[in-house]
Visitor: 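Mind having a look at this structure? Questions to follow.
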Amino acid sequence: MNRSSPASGLLFALVSASLYGFNIVYARIASFAGASGSAIVVYRVFLMLVLVGIVAAIMGKSLKAAKEERGTLILLGVATAFVGICYLSSVAYIPVTVAAVVFYTFPILIVLASPFVEGTRLTPSLLGVVAVATLGVALVVGPAFGGLDWRGLALAFGASIATAIQFFAAARCRRTGVMAKTFWIHVLVLPTAALISLAAGQLAPPSSLAAAPFAVAMTIGGYIFGFVLQFLALGRITAVAAGIIYCTEPVVAAISSALILDEVLSPLQIAGGALVLGAIMANVVLEQRRLRDAPLVPIAD
């Protein structure tokens, strides 16, 4: 970790989170014009593969994956594909603000699953965080449940589950370098996303993205630049600092959807969203306390 440039790391993380927040708003605009979320995922992954290959060739970086981690990389790639497809597709059925809040329950899912996956002990503090987050989601979804499409809620929650799986898989994939990991994840995401799009009848030719060129460009560009800046940030600041900053993503999504899409939340829903964000940040603080005295584990560059 480069501790000499924490300010740039904080800036990279903030810009990355903001790009991800804008990304989902423009995905909804693109869906209105007929560009499906799954098709956008397929083409943005293809573009990411091309860019990573070019950068690796220029920098002379190895794209070899550690043999013992290939199975984990497969799980990581499939989970990553489901995250993108489910999250981007959810906003075709529900408002961005609701999709963002439901999606951001994934830190709570990680807490609940950690005793079974990693043997972590659930403390009263962690259970309190889960309770607050659950209440927050109920407040956001409950008042407008009659006007929400169950498919959008299921897709957003599916993206949350896939993200939790992604985090657990990534924690077991430490020997493969970052660039190689990025490359192979997207190699796996591409056919997975294509198969899902074909099964759903949504794999349209690239020309279909011309229905909303600006929105599609913002969606794909937001993902690519956000992804790159995310890795740059994590090389300069702690994961906890980055985690707190990335809690701004749903806030940016809510604000931008209100400004761009004229979406409106009731005061009760806003309070629910605030509870979820508060629970996420409290969870990050609790995790930092748990790991404060834990030994550092080297991660491949």
Side-chain angles (χ1 to χ4, degrees), residues 16 19-56 63 65 70 73-94 96 99-100 103 106 151-152 154-163 165-166 169-170 179-231 249 253:
S16 174
L19 287 172
Y20 284 150
F22 283 119
N23 174 61
I24 193 64
V25 173
Y26 283 100
R28 182 166 172 82
I29 295 175
S31 72
F32 289 156
S36 70
S38 57
I40 292 174
V41 169
V42 170
Y43 296 120
R44 80 179 186 185
V45 167
F46 179 78
L47 183 57
M48 176 66 89
L49 278 173
V50 172
L51 293 175
V52 171
I54 292 173
V55 172
L63 295 178
R70 290 174 184 173
L73 276 172
I74 291 175
L75 177 60
L76 191 53
V78 173
T80 301
F82 274 92
V83 171
I85 291 174
C86 290
Y87 193 28
L88 292 186
S89 298
S90 69
V91 295
Y93 304 102
I94 57 176
V96 169
F103 173 68
F106 72 82
R151 292 173 294 181
L155 285 167
F157 192 62
S160 179
I161 295 173
T163 303
I165 295 173
Q166 182 188 56
M179 191 165 294
K181 191 184 303 182
T182 302
F183 179 80
W184 289 110
I185 285 174
H186 285 84
V187 165
L188 294 165
V189 169
L190 186 59
T192 303
L195 287 173
I196 293 174
S197 297
L198 282 171
Q202 296 182 340
L203 186 57
S207 58
S208 66
L209 304 183
F214 181 73
V216 169
M218 290 293 288
T219 302
I220 294 177
Y223 170 77
I224 291 176
F225 286 106
F227 193 90
V228 172
L229 288 172
Q230 178 181 354
F231 276 89
E249 181 185 338

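Since the structure is predicted, the reported quantities are computational estimates derived from the model, not experimental observations. When reading the values below, keep in mind they use all heavy atoms of this one structure, side chains included, and skip hydrogens, waters and symmetry mates. Index from 1, following the sequence.
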Visitor: Please tabulate, for side-chain N and O atoms in residues 73-80, each donor-acceptor pair with protein atoms closer than 3.5 Å (sequence neighbours left out).
Guide:
{"unit_1": "T80", "atom_1": "OG1", "unit_2": "L76", "atom_2": "O", "d": "2.7"}
{"unit_1": "T80", "atom_1": "OG1", "unit_2": "Q166", "atom_2": "NE2", "d": "2.8"}

Visitor: Ignoring hydrogens, what is the shortest heavy-atom contact between Y87 and A159? Give both atom names and the distance.
Guide: N-CB, 3.7 Å
Visitor: Search all heavy atoms of S16 against all heavy atoms of G226 and return the closest pair with its distance.
Guide: OG-O, 2.7 Å
Visitor: Got a second to check how far I185's CD1 is from L190's CG, nearest 0.5 Å?
Guide: 14.0 Å
Visitor: Show the nearest heavy-atom pair for residues S89 and I85, with the distance to one decimal.
Guide: OG-O, 2.7 Å
Visitor: Please examine the side chains of F183 and M179, heavy atoms only from C-beta on, and report whether any two atoms are closer than 4.5 Å.
Guide: no
Visitor: Can you see which heavy atom on A156 is nearest to which on S90, and at what distance?
Guide: N-CB, 3.7 Å
Visitor: Would you check if N23 and R44 make a side-chain contact, meaning some heavy-atom pair closer than 4.5 Å?
Guide: yes
Visitor: Of the non-hydrogen atoms in R28 and Y93, which two are nearest, and what is the gap between them?
Guide: NH1-N, 4.3 Å
Visitor: In Å, rounded to the nearest 0.5 Å, how long is the span from CD1 of I54 to CG of L49?
Guide: 11.0 Å
Visitor: So which of I161, I165, T163 actually passes side chain to side chain contact (heavy atoms under 4.5 Å, CB included) with V83?
Guide: T163
Visitor: Within the structure provided, determine whether F46 and V50 are in side-chain contact (heavy-atom separation under 4.5 Å).
Guide: yes
Visitor: Can you tell me how far the CG atom of L51 sits from the CG atom of L47, to the nearest 0.5 Å?
Guide: 4.5 Å
Visitor: Locate the shortest heavy-atom distance separating A253 from I24; write the atom from each residue and the value.
Guide: CB-CG2, 3.9 Å
Visitor: Give, for atom OH of Y223 and atom OH of Y20, the distance between the pair rounded to the nearest 0.5 Å.
Guide: 6.5 Å
Visitor: Do I29 and Y26 have side-chain heavy atoms sitting under 4.5 Å apart?
Guide: yes
